[in-house]
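Written out below as structure tokens is the structure these notes cover.
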Protein chains: 2
Amino acid sequence: MESEHLEILAMIVEKGGLTEGAEALHKSQPSVSRTISLLEQRVGAALFEPGRRPLRPTELGASLARLGSRIHALNTEARQLVERYRKGQAGRLRIGGTPIFMDGVMAAMIAEFQNHHQDVHFEQSYGYLETLVTQLRNGTLDLAILPLHPSQIPQDMEFISLLTGRNVIACRSGHPLTRKGMITLADIEPFPWIAPPADSPLYRDLQRALVSIGVEDFRVNFSGGTFASIASVLAGSDSLTVLPYSVVFQTRKMTQLEALPLKIEHPNRQLGLLVPKEQAAAPALAHFKTFIAAQCSNLEARIQHEQQVTRRRG
Amino acid sequence: MESEHLEILAMIVEKGGLTEGAEALHKSQPSVSRTISLLEQRVGAALFEPGRRPLRPTELGASLARLGSRIHALNTEARQLVERYRKGQAGRLRIGGTPIFMDGVMAAMIAEFQNHHQDVHFEQSYGYLETLVTQLRNGTLDLAILPLHPSQIPQDMEFISLLTGRNVIACRSGHPLTRKGMITLADIEPFPWIAPPADSPLYRDLQRALVSIGVEDFRVNFSGGTFASIASVLAGSDSLTVLPYSVVFQTRKMTQLEALPLKIEHPNRQLGLLVPKEQAAAPALAHFKTFIAAQCSNLEARIQHEQQVTRRRG
DNA sequence: GGCGTTATATTACTTTGCGTTATGAAAATG
DNA sequence: CATTTTCATAACGCAAAGTAATATAACGCC
């Protein structure tokens, strides 16, 4: 017994006649007539009362029609799912990236994206360049978010630059150092440092940044945590750390952080979005890419604007 | 998008491969392979990760497979329904008959039948010869239960005789008359009568029976009710009425009734089962017919047996 | 009851798609 | 790197579904 036939039966019963049913199914009347004949033959019993003009189903016919109707509903659901998937309104995006930036900037943007695309399901994970590229290649990840130097972009990948990778020294708002105009090496010296995970690019950034401003020896009193723990420790102490400015800017209200007005060496990298150069990417991915690009462009503009204001004031 | 294809997809995902899936579906591997290709083409997206040997579904493929699996479950349900219908274990039987006999004898037998055929649904109604035959003819009834004289059997109907239509005078057990050996006309005279609905054959039976034993004028103190109300009134008073003996016999424990040992004229009729001479009757009907015939034959035997015992004693 | 209208069944024929076997290609396995 | 396993493709026959044209049956209406 074919599901298709049950659906046809259901439509005929619903519409109350072969002719109307055939019309609703965009088929000819003889076609559905024969389908019913075939079905009756296979079932071995009449599905419609014989010799009745307003074609009325038998009990068995009505029961089968109910099942057919439920099958049809599921089929419709499948069609709608495909439709939404095609439009990028449904599906699954597996996104991986460097922990601090994912937590500090992307999470909020993903939330905003889901306000417009409710049925897109995100699977977020963390990682650095090598693992991310591997995962992108073997298809366990749909896109990666990470800081990258142009020379590091793999041949088989597309990199969309989102934000300049500028780092800053971050501290709690109200930190003693924020009250000073010019900050010297000696001013910084007393405060302990929070370090990101030792295998992260940000950790190397921290080292190089401190070297660049002359700090040779620094005391680390917290390391290895995620952004949430770093932010908490930072907000509850006078510790310092190095963070992407975008992260500080985006989360400063919630985390009570601010950036010290101290130029530190920043690596020549761009925070951006890495995806395989595939043709068969999930439709939702395209939407997400343009959405994130727009959000980050907006964020960059707000950062620029604030810097101009600060410069004028200072 | 065809439900059939979704079912195939579901099976492949469930079994974890084209080969196993094809086997489970009793099809060849190339066949299901092409079905999936076609489905992917129509959907416009990959349903399985490309270039993977233990064929793994994509997110979309898995979602569609879940729907396909539910469709398959419904299809299976439909097949099982048909199967049970064929075996007479499912379906609907619309049964109509004369009220007293339906309530007094048939209802208990239907209950017993349903112990063996749980999914057979009964729609019971009441009526007399004319309406019943009409309903059988226009297909709003599957079978009728009624008393019938052989000459009354319509040409296009089959009549299965179940019980002799013998009537008795019924009263509550413990009624004053039950203590007498021989009952005379004068004994009966003081008691009021309960009459069945005036349009019922039983009402005419009552009249003729009383005339036959010489009662010319009788007092009716209750009429028109169903068997339940007749039985209640009978049990709660010293009234008399005329009932088929099978009804009294079958329900005497529950209703506290008994029959007076008084021969009354009984019409030359058989209580039986009337069905149209159709070829396409519901399979459950055949089962029901033989079941009821057996039950009634059994009932008749028990009645016969009791009569012999009573005769010997008296 | 005969008659027109309407709905369904039937017929004849074409096309589509599903089934098969045989065979090739690609990925995993050792 | 060879072997095995698993999937994709090709070629072809057949069942079934599509069509238009037409016959037939049920219903309603004088």
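Numbers restart at 1 for each chain; the letters A, B, ... are given by sequence-line order, proteins then strands.
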Could you verify whether a donor N or O on one side chain and an acceptor N or O on the other, from A/E14 and A/S69, lie under 3.5 Å apart? no
Mind listing the residues from residues 8-17 of chain A sitting with a heavy atom below 4.0 Å of DNA chain D? Number order is fine. none
Is it the case that the side chains of B/R66 and B/S63 hold a donor-acceptor pair, with the cut-off being a distance below 3.5 Å and no angle test? yes
Distance flag, aromatic centroids of A/Y128 and A/Y203, threshold under 6.0 Å: no
Check for a donor-acceptor pair, side chain of B/R137 on one end and backbone N or O of B/P276 on the other, with a separation under 3.5 Å. no
Could you point out which residue of B/R79, B/H72, B/E77 forms a side-chain hydrogen bond (donor to acceptor under 3.5 Å, both in side chains) with B/N75? B/R79
Ring centroid separation A/H287 to A/F291 under 6.0 Å: no
Under 4.0 Å between a side-chain N/O of B/H5 and OP1 or OP2 of C/dC18, yes or no? yes
For A/R56, report the nucleic acid contact type (base, sugar-phosphate, nothing); a contact means any heavy atom under 4.0 Å. nothing
So if I take residues 18-32 of chain A and measure heavy-atom distances to DNA chain C, which residues fall below 4.0 Å? A/L18, A/T19, A/Q29, A/P30
Salt-bridge criterion met for A/K15 and A/E20 (N-O under 4.0 Å): no
Taking atom P of D/dA17 as reference, at what distance in whole Å does atom CG of A/L39 sit? 10 Å
Nearest to the side chain of B/T35, heavy atoms from C-beta on, is which of D/dT9, C/dG19, C/dT8? C/dG19
Using 4.0 Å as the upper bound for N to carboxylate O, is an ion pair formed by B/D142 and B/R94? yes
Per atom distances to the A/R34 side chain, the nearest of C/dA9, C/dG17, D/dG18 is D/dG18
